[in-house]
Protein chains: 2
Amino acid sequence: MMATDSLDARVDEILKSLGRRTTAPRRQVARLLASKRGAFSAESINAELPEVGRATVYRTIRLLAEAGVLCKALLPDGSPRYSIDHSWHHHHLICSSCETVEEFRSSELERLLGELSDEIPGQVLGHQVDFYLTCPNCLQ
Amino acid sequence: MMATDSLDARVDEILKSLGRRTTAPRRQVARLLASKRGAFSAESINAELPEVGRATVYRTIRLLAEAGVLCKALLPDGSPRYSIDHSWHHHHLICSSCETVEEFRSSELERLLGELSDEIPGQVLGHQVDFYLTCPNCLQ
DNA sequence: GCTACTGGTGATACGTAGTATCAATATATG
DNA sequence: CATATATTGATACTACGTATCACCAGTAGC
Ligand SMILES: [Mn+2]
Ligand SMILES: [Mn+2]
Ligand SMILES: [Zn+2]
Ligand SMILES: [Zn+2]
């Protein structure tokens with residue numbers, strides 16, 4: 001897990017590079033995110049930060065997701081879930097039962113997806129692979 | 001594209017096999033779906049069927065999606081889009097600009113995803129692969 | 001450290017998507 | 001045709017996300 005101060009520094013850098021200001025609310029959101037394990041909804045963050053306005057929570061999450069600090073996964077119904085992005089490219093294992101989101105990587109998969117991207121007409125911007133499953137925990 | 005009467009028959013079968021009734025509203029929704037090319041939102045169907053209640057439109061779309069008549073894809077923001085499912089397994093090419101959804105198949109991809117599914121802990125229920133791109137049309 | 005400029009905040013309101021309710025209606029079946 | 005019950009759809013409700021905008025606070029220049 002990322003240390004709080006290390007994420008603080010990373011967020012400071014990103015804000016500076018984007019010409020945005022370092023503010024107390026943004027820091028509070030970032031700190032709470034750093035303490036999270038696994039994926040979470042924007043609403044859950046909002047609920048845990050009553051002293052920060054809802055609009056600001058959503059704006060900050062969007063900002064950090066676009067900056068690459070957060071990674072966004074979609075549950076089967078389309079609900080977004082966010083998690084700290086560790087920079088390396090990965091995909092998601094999503095438990096349909098408890099909605100846990102785990103990371104997943106496969107170099108062989110990336111190689112093939114890259115090849116396919118070259119064959120696809122148009123300009124491929126990215127890809128997303130999700131495995132829907134019942135996680136070991138939910139299998140009892 | 002599937003002929004209207006052929007879809008009618010398929011929907012009749014499915015309703016019967018599920019013990020559900022064949023009703024005029026369900027037929028209207030199914031007929032409209034059969035006339036659609038590409039992917040559409042539930043709201044767009046509702047807008048084109050003022051004589052059918054909104055709840056019924058949503059219920060019918062969900063029913064048909066669960067029965068495998070419709071296939072559900074998620075735009076990058078999580079908005080669901082539906083299209084007639086042609087039974088063969090496929091994935092999606094989603095244009096981030098015009099939100100068009102195209103089908104995509106690769107036996108090599110399926111083979112690899114199958115292998116990976118066996119290695120993943122838990123019981124894999126399915127997978128989803130989306131390529132996000134700018135389609136040839138939107139590249140001008 | 002001030003000041004002014006400007007980006008950020010958050011209460012509020014709004015829009016959309018989807019679902020729960022439930023009285024009225026339509027369908028399947030004998 | 002009569003009955004049992006699945007279905008409908010008007011209404012209301014919830015959740016999520018964003019637009020507004022008066023007020024506030026971070027930042028750069030002095
Ligand atoms: Mn991730
Ligand atoms: Mn499809
Ligand atoms: Zn689980
Ligand atoms: Zn396009």
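Order of the sequence lines fixes the chain letters, A, B, ..., with proteins taken first and strands second; residue numbering starts at 1 for each chain.
- You can see that DNA chain C meets the heavy atoms of chain B within a 4.0 Å-exclusive cut from C:dA17 to C:dA28, reading 5' to 3'.
- Rounded to whole angstrom, the span from the CD1 atom of A:Ile45 across to the C1' atom of D:dG17 amounts to 16 Å.
- Relative to the axis of its first five pairs, the axis of the last five pairs of the helix from C:dG1-D:dC30 to C:dG30-D:dC1 sits at 40°, rounded to 10 degrees.
- Interface residues of residues 11-30 of chain B facing DNA chain D, ordered by number: B:Arg20, B:Arg21, B:Thr23, B:Pro25, B:Arg26; criterion, heavy-atom separation under 4.0 Å.
- Atom OH in B:Tyr58 sits about 19 Å away from atom P in D:dA12, given to the nearest Å.
- Regarding B:Ile61, its CD1 atom lies at a distance of 14 Å from the P atom of D:dG9, rounded to whole Å.
- In this structure, the ring of A:His127 has its center no less than 6.0 angstrom from the ring center of B:His91.
- Atom P of nucleotide D:dG17 and atom CG of A:Leu63 are separated by 16 Å, given to the nearest angstrom.
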Show me the donor-acceptor pairs within less than 3.5 Å that the side chains of residues 14-23 of chain A make with the rest of the protein, sequence neighbours left out.
from, atom 1, to, atom 2, distance (Å)
A:Ser17, OG, A:Ile14, O, 2.8
A:Thr23, OG1, A:Arg26, N, 3.4

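- Grouped by direct or indirect side-chain proximity (heavy atoms under 4.5 Å, Ile/Leu/Val/Met/Phe/Trp/Tyr only), B:Leu125 sits alone.
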Residues B:Arg105, B:His89; criterion side-chain contact (heavy atoms from CB on, under 4.5 Å); working and verdict: CA-CA 7 Å; B:Arg105 269 161 290 152; B:His89 182 78; over 6 Å; no

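- In this structure, A:Ser83 and A:Gly38 approach most closely via the heavy-atom pair CB-O, 3.8 Å.
- Where A:Val57 and A:Arg54 each meet DNA chain C at their nearest nucleotide, the meeting point lying more 5' is that of A:Val57.
- Along DNA chain C, the nucleotide nearest to A:Ala55 and the one nearest to B:Arg59 differ in position, and the one closer to the 5' end is contacted by A:Ala55.
- Other residues sharing a hydrophobic cluster with B:Trp88 under the 4.5 Å side-chain heavy-atom criterion for ILVMFWY residues do not exist; the residue is a singleton.
- For the atom pair A:Ile45 CD1 and A:Leu33 CG, the distance stands at 5.0 Å (nearest 0.5 Å).
- Side-chain contact between B:Leu70 and B:Asp85: absent, with no pair of heavy atoms (C-beta onward) separated by less than 4.5 Å.
- Contact of the A:Leu116 side chain with the B:Phe104 side chain is registered, since non-hydrogen atoms from C-beta on lie closer than 4.5 Å.
- Contact record, A:Leu139 with B:Gly122: CD1-CA, 3.9 Å, taken as the closest heavy-atom pair.
- In this model, a donor atom of one side chain and an acceptor atom of the other lie less than 3.5 Å apart for A:Glu103 and A:His86.
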